[in-house]
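The chains referred to below are lettered A, B, ... by the order of the sequence lines, with proteins before strands, and numbering in each begins at 1.
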There are 2 protein chains.
Amino acid sequence: MSIANGEGIEPMDYTRSCGGAAIGARLRRLSESIDGDTMRAYAALGVQFEQRWFGVLNQLALNGPATVGELASTLRITHVSVSQTRNSLEKAGIVVSEADPSDARRRRLMLTDAGLALIERLQPLWRTCEKVALELTAEAGDLMAALDRLDDALTRRTMFERLMSGTTLLDDLDPTPQGRTG
Amino acid sequence: MSIANGEGIEPMDYTRSCGGAAIGARLRRLSESIDGDTMRAYAALGVQFEQRWFGVLNQLALNGPATVGELASTLRITHVSVSQTRNSLEKAGIVVSEADPSDARRRRLMLTDAGLALIERLQPLWRTCEKVALELTAEAGDLMAALDRLDDALTRRTMFERLMSGTTLLDDLDPTPQGRTG
DNA sequence: TGACATTGTGTAGGCGCCTACATAACCATG
DNA sequence: CATGGTTATGTAGGCGCCTACACAATGTCA
């Protein structure tokens, strides 16, 4: 808490110095960097593409038509996000949807010919992504496996549970109820 | 590309099956999960806190008053983001700012007493974050180090450079100039 | 048949970050 | 001291995701 020098020395990376409370920020920064560069690659190839399209397109290509809810569940994002992505994909003519005849609540998405062509066209870039991912995994030493394990760890016990569990937090926490500013 | 079954089988996690093109999405999803849970922890403790405050607050606590640009540089985010965070912090009474007497373009941020008190109050939670980060690193097998190495790898050569470099991409890429939809 | 919960999808608005652009203060020139 | 480039900050609007809420179609049960 001591107020030290205001300039001069500068830690090489704040997320490295204070890992714990900033790990979310760090992952976010990495994802934005990678997503941004990938988008730039699409643009550089003259292909109009949105990052968020990938999951849905890939699933439709692999497994055929699917509903909003099915895609959300497979992609592990909310149905809202899928719904918005669907909207964008339809506007771009890459996907069409129709009400499921057996249940009018459901909306079945399927690729258009333009969608199939787009996927075909992007295959090389996506294969390159795979290669780069391998390259990075090599350089970063087992990154993907570490992410797998992080996913697993958080599935076993969420961040929230970990933060709130007595052993780590409540022992330490000063119980004066002075908080709640707003 | 073959259209297979539309229901039934479901890969356990799409990001694991198609790692390359979705690595950004995966990191984003992880960061959102962690950030969201951390925010829930603040809320559960009755403290009104925004995730984005952390970097700036931490820096001000560690190094004393600083300008928007200095913070942006240290935190490795844009000055815009710092500027918006500053605004939010000032509205919450946690930080005040004044024009630098020697250069009126610069705005020096410093903690208020309320800001110092908030930091004091959050120390236990932040220490818990550290512990949880260590816990996760243990469970995820050297996660933080892998992230360090990923950062380094991307600094050496950006994702964009990797994607565009001939060896990986241009060899594969079908050169028909049919793209550019919009 | 009508009431009521459940399910599938959509809308509004928020998060923390971004890029592109605008503005104001500073610093050289002439 | 006017001109124009540079620097520090701010505004507008976008990204992909989120939560909270709205609503229509379906199932259930009196």
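Comparing atom distances between the I77(A) side chain and each of dC17(D), dC26(C), dG10(D) picks out dC17(D) as nearest. Residue V68(A) has its side chain nearest to dT9(C) when only dT26(D), dT9(C), dA25(C) are considered. Nearest nucleotide to the side chain of E50(A), out of dC26(C), dG16(D), dG16(C): dG16(D). Distance from the side chain of D103(A) is smallest for dT26(D) among the nucleotides dT26(D), dT9(C), dG16(C). Among the nucleotides dT19(C), dG16(C), dC17(D), the one closest to any side-chain atom of Q51(B) is dG16(C).
For the pair D37(A) CG and dC15(D) P, the interatomic distance rounds to 17 Å; values are reported in whole Å. As rounded to whole Å, 14 Å separates atom P of dA8(D) from atom CG of L109(B). I23(A) places its CD1 atom 17 Å from the C1' atom of dG16(C), with the value rounded to the nearest Å. Rounded to an integer number of Å, the gap from R29(B) CZ to dG16(C) C1' is 19 Å. Taking atom CZ of residue R52(B) and atom P of nucleotide dC18(D), one finds them 20 Å apart after rounding to whole Å. Rounded to a whole Å, the CZ atom of F54(B) is 14 Å from the P atom of dG16(C). If you take CZ of R106(A) and P of dT6(C), they are 17 Å apart, rounded to a whole angstrom. Taking atom CD of E32(A) as the reference point, atom C1' of dC15(D) lies 8 Å away to the nearest angstrom.
Toward the 5' end of DNA chain D, the nearer of the two residues S102(A) and T78(A), judged by each one's closest nucleotide, is T78(A). Each of M39(A) and D100(A) was assigned the nucleotide of DNA chain D with the nearest heavy atom; the assignment lying further toward the 5' end belongs to M39(A).
The side chain of R28(A) places no N or O atom within less than 4.0 Å of a non-bridging phosphate oxygen (OP1 or OP2) of dC15(C).
With hydrogens and angles ignored, no donor-acceptor pair closer than 3.5 Å exists between the side chain of R105(A) and the base of dT9(C).
To the nearest 0.5 Å, atoms OH (Y42(B)) and CG (L122(B)) are separated by 5.5 Å. Of the inter-residue distances, the one linking K131(A) atom NZ with L136(A) atom CG reads 14.5 Å to the nearest 0.5 angstrom. For the atom pair CZ (R29(A)) and OG (S31(B)), the distance works out to 12.0 Å, reported to the nearest 0.5 Å.
Of all heavy-atom pairs between S88(A) and W53(A), the closest is OG-NE1, 2.8 Å. Minimum interatomic distance between M144(B) and R26(A) (heavy atoms only, all atoms of both residues): O-NH1, 4.3 Å.
A salt bridge between D37(A) and R40(A) is present, with a side-chain N of the basic residue lying under 4.0 Å from a carboxylate O of the acidic one.
Between F49(A) and the options L118(A), T38(A), L125(A), I94(A), a side chain to side chain contact (heavy atoms under 4.5 Å, CB included) holds for only L118(A).
With S73(A) contributing its side chain and G69(A) its backbone, the two residues share no donor-acceptor pair below 3.5 Å.
Non-hydrogen atoms lying under 4.0 Å from DNA chain D are contributed by H79(B), V80(B), S83(B), Q84(B), R86(B), all within residues 79-87 of chain B.
Among the atoms of the strands shown, only primed sugar atoms or phosphate atoms (P, OP1, OP2) are found under 4.0 Å from some heavy atom of T67(B).
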